[in-house]
Amino acid sequence: YGSELKTEDLTDQEGITLKDVKEYDAKKIGEQKVIAVFIGSDEKEIEQEITLEVKDTQAPEITFKSETVEITLGDAIDTAANIESVKDPVDGDIVRSDDTTITENGYFVMADIKSEAGEYTVNVVAYDLNGNKAEKSYQLILKEKEQNQEGENQSVASNQGGYQEPAQNGGKPSAGSAGGNAGNSNVGSNNQHPAKKVCPNGNEPKNPDLPCDAIISGHPEECYRDASGNVLTFPSSTAAAEWAHAQMMRDDDENFQWKYGYTNFGTLPLGKNDGTQCHGVGFMK
């Protein structure tokens with residue numbers, strides 16, 4: 001596929017060379033008949049009809065900027081930002097798709113990333129024009145936000161949307177104001193307010209009695225749950241659909257639909273206690 005024909009591709013006869021091939025399409029997959037024009041040792045042209053079969057045997061090439069990416073918990077996550085290129089050796093660049101059911105001419109990203117620190121795998125699946133498939137993954141590490149350690153009677157400026165943890169208030173986080181306004185941590189100040197609970201992403205929880213990652217809106221009862229009974233959540237509907245499609249089609253369990261009786265799936269919008277939005281998956285029978 002995509003290659004020019006050479007003399008040795010069409011004949012093993014010595015003393016002749018290939019001059020031209022008529023009606024040959026290097027990018028047409030399958031069988032095709034061509035007219036090969038050879039030059040003999042006597043300099044005369046010889047035409048011969050030859051049947052060729054063109055095959056594309058080269059899979060796409062996926063290149064990352066780094067094999068491991070570190071992001072602070074609460075910052076925006078773009079799983080495609082680490083992709084340097086996705087190319088076919090013959091046809092060039094392959095375009096990203098939001099459709100995880102494609103089997104040719106596109107690539108998509110799959111990742112199950114939760115709103116908690118940890119190490120996650122980001123998978124990239126690519127198909128070329130002729131359906132050749134390539135897969136490659138990199139590691140995404142979500143780190144906890146670093147907390148500033150303050151000395152006694154020290155005033156510090158808060159960061160955007162973050163919080164400080166003064167040594168004077170028993171280690172409880174106090175809400176910081178956007179824009180870097182200084183917050184005084186002096187003990188016994190008359191204008192000091194009780195410390196507010198702040199989630200790792202800098203937001204105050206909607207319900208302070210619940211964990212920050214608790215689901216408080218949507219229909220979690222309709223969502224798929226893991227072996228521990230926890231709702232499996234995703235940062236976007238696209239990521240949720242990519243994961244669900246992979247489960248329905250995974251190679252290591254061809255009887256998935258039969259075993260569980262599922263025939264389709266849908267993504268479900270959810271809201272967390274820290275004010276962020278996420279998505280779950282509901283499998284349908």
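What you are looking at is a predicted structure, and each value in this text was computed from that prediction instead of being measured.
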| request: Indicate yes or no: at least one non-hydrogen side-chain atom of Y138 is less than 4.5 angstrom from one of T68. | output: no
| request: Would you check if the side chain of N273 reaches a backbone N or O of N207 as a donor-acceptor pair within less than 3.5 Å? | output: yes
| Note, V21 side chain near I35 side chain (heavy atom, < 4.5 Å) | no
| Does the side chain of I16 reach to within under 4.5 Å of the side chain of I39, using non-hydrogen atoms? | no
| Are the side chains of V124 and Y107 in touch, meaning some heavy atoms are under 4.5 Å apart? | yes
| note | Of all heavy-atom pairs linking L73 and S115, the shortest is CD1-C, 4.0 Å
| request: Consider only side-chain N and O atoms of T233 and K114, and report whether a donor and an acceptor are under 3.5 Å apart. | output: no
| Any chance NZ of K136 has more than 12 other-residue heavy atoms, nucleotides or ligands included, within less than 6.0 Å? | yes
| query | About how many Å separate CD1 of I46 and NZ of K44, when rounded to the nearest 0.5 Å? | reply | 9.5 Å
| What do you reckon, is CD of E31 surrounded by more than 12 foreign heavy atoms closer than 6.0 Å? | no
| Pairing of K33 and E23 as salt bridge, 4.0 angstrom limit | no
| query | Should the pair E135-K133 be classified as a salt bridge under the 4.0 Å nitrogen-to-oxygen rule? | reply | yes
| query | Judged by atom type as modelled, is there a donor-acceptor pair below 3.5 Å linking the side chain of T7 to the main-chain atoms of L18? | reply | yes
| request: Run the salt-bridge test on K65 and E84 with the 4.0 Å N-O cut-off and return the result as yes or no. | output: no
| message | I'd like to know if the side chain of Q32 and the backbone of D25 have a donor-acceptor N/O pair within less than 3.5 Å. | response | yes
| note | Rounding to 0.5 Å, atoms CD1 (I113) and CD (E116) come to a distance of 12.0 Å
| query | Does a side-chain heavy-atom distance below 4.5 Å link I216 with L210? | reply | yes
| Are M110 and F265 in one and the same hydrophobic cluster, where Ile, Leu, Val, Met, Phe, Trp and Tyr link if side-chain heavy atoms are under 4.5 Å apart? | no
| task | Over all heavy atoms of both residues, which pair between S97 and D99 is shortest? Give the atoms and the distance, please. | result | OG-N, 3.0 Å
| query | Are Y224 and L270 co-members of a hydrophobic cluster defined by side-chain heavy atoms under 4.5 Å apart? | reply | no
| field | Atom CD of E4: over 12 foreign heavy atoms under 6.0 Å | value | no
| said: Over 60° means perpendicular and under 30° means parallel, so tell me whether W243 and F234 are parallel, tilted or perpendicular. | reply: tilted
| field | Between OG on residue S217 and NZ on residue K272, distance to nearest 0.5 Å | value | 11.0 Å
| said: Is there a side-chain contact between L140 and T121 in this structure, where contact means two heavy atoms from C-beta onward sitting under 4.5 Å apart? | reply: no
| task | Go through the steps for K28 and V54 under the test side-chain contact (heavy atoms from CB on, under 4.5 Å), then give the verdict. | result | CA-CA 7 Å; K28 181 181 178 181; V54 179; over 6 Å; no
| said: I'd like to know if the side chain of D56 pairs up with that of N132 as donor and acceptor (distance under 3.5 Å, no hydrogens or angles considered). | reply: yes
| Should L268 and E222 be marked as a side-chain contact (heavy atoms from CB on, under 4.5 Å) after you check the CA-CA gap, both sets of side-chain angles, and the distance that decides it? | CA-CA 8 Å; L268 302 172; E222 299 178 9; 3.7 Å; yes
| message | Between F108 and R96, is there a side-chain heavy-atom distance shorter than 4.5 Å? | response | no
| message | Which heavy atom of L10 sits nearest to which heavy atom of A36, and what is that distance? | response | CD1-CB, 4.0 Å
| query | Do the side chain of T267 and the main chain of S237 share a donor and acceptor less than 3.5 angstrom apart? | reply | no
| Between D274 and T276, do the side chains contain an N or O donor and an N or O acceptor separated by less than 3.5 Å? | yes
| field | Hydrophobic cluster identity match, Y24 and Y1, side-chain contacts under 4.5 Å | value | yes
| When you measure from the side chain of S236 to the backbone N and O of A239, does any donor-acceptor pair fall under 3.5 Å? | yes
| Applying the 4.5 Å side-chain criterion to the ILVMFWY set and letting contacts propagate, would F283 and V231 be lumped into a single cluster? | no
| message | Please report the interatomic distance CG(D20) to NZ(K22), rounded to the nearest 0.5 Å. | response | 7.0 Å
| field | Closest heavy-atom pair and its distance - A126, I62 | value | CB-CD1, 4.1 Å
| field | Pairwise side-chain contact, D128 with D91, heavy-atom cut-off 4.5 Å (strictly under) | value | no
| field | V125 reachable from Y120 in the ILVMFWY side-chain graph, under 4.5 Å edges | value | no
| request: With rounding to the nearest 0.5 Å, note down the distance linking OG1 in T63 to CD1 in I83. | output: 10.0 Å
| said: Restricting to non-hydrogen atoms, name the atom on H279 and the atom on P269 that form the minimum distance, rounded to 0.1 Å. | reply: ND1-CA, 3.6 Å
| request: Quick one: closest heavy-atom pair of P60 and A134, and the distance? | output: O-CB, 3.3 Å
| field | Verdict with supporting geometry, S66 and N82, side-chain contact (heavy atoms from CB on, under 4.5 Å) | value | CA-CA 7 Å; S66 176; N82 187 45; 3.9 Å; yes
| query | What do the steps show when you test Q48 against F38 for side-chain contact (heavy atoms from CB on, under 4.5 Å), and what is the final call? | reply | CA-CA 8 Å; Q48 183 174 353; F38 297 100; 4.3 Å; yes
| message | To the nearest 0.5 Å, what is the distance between CD1 on I29 and NZ on K55? | response | 10.0 Å
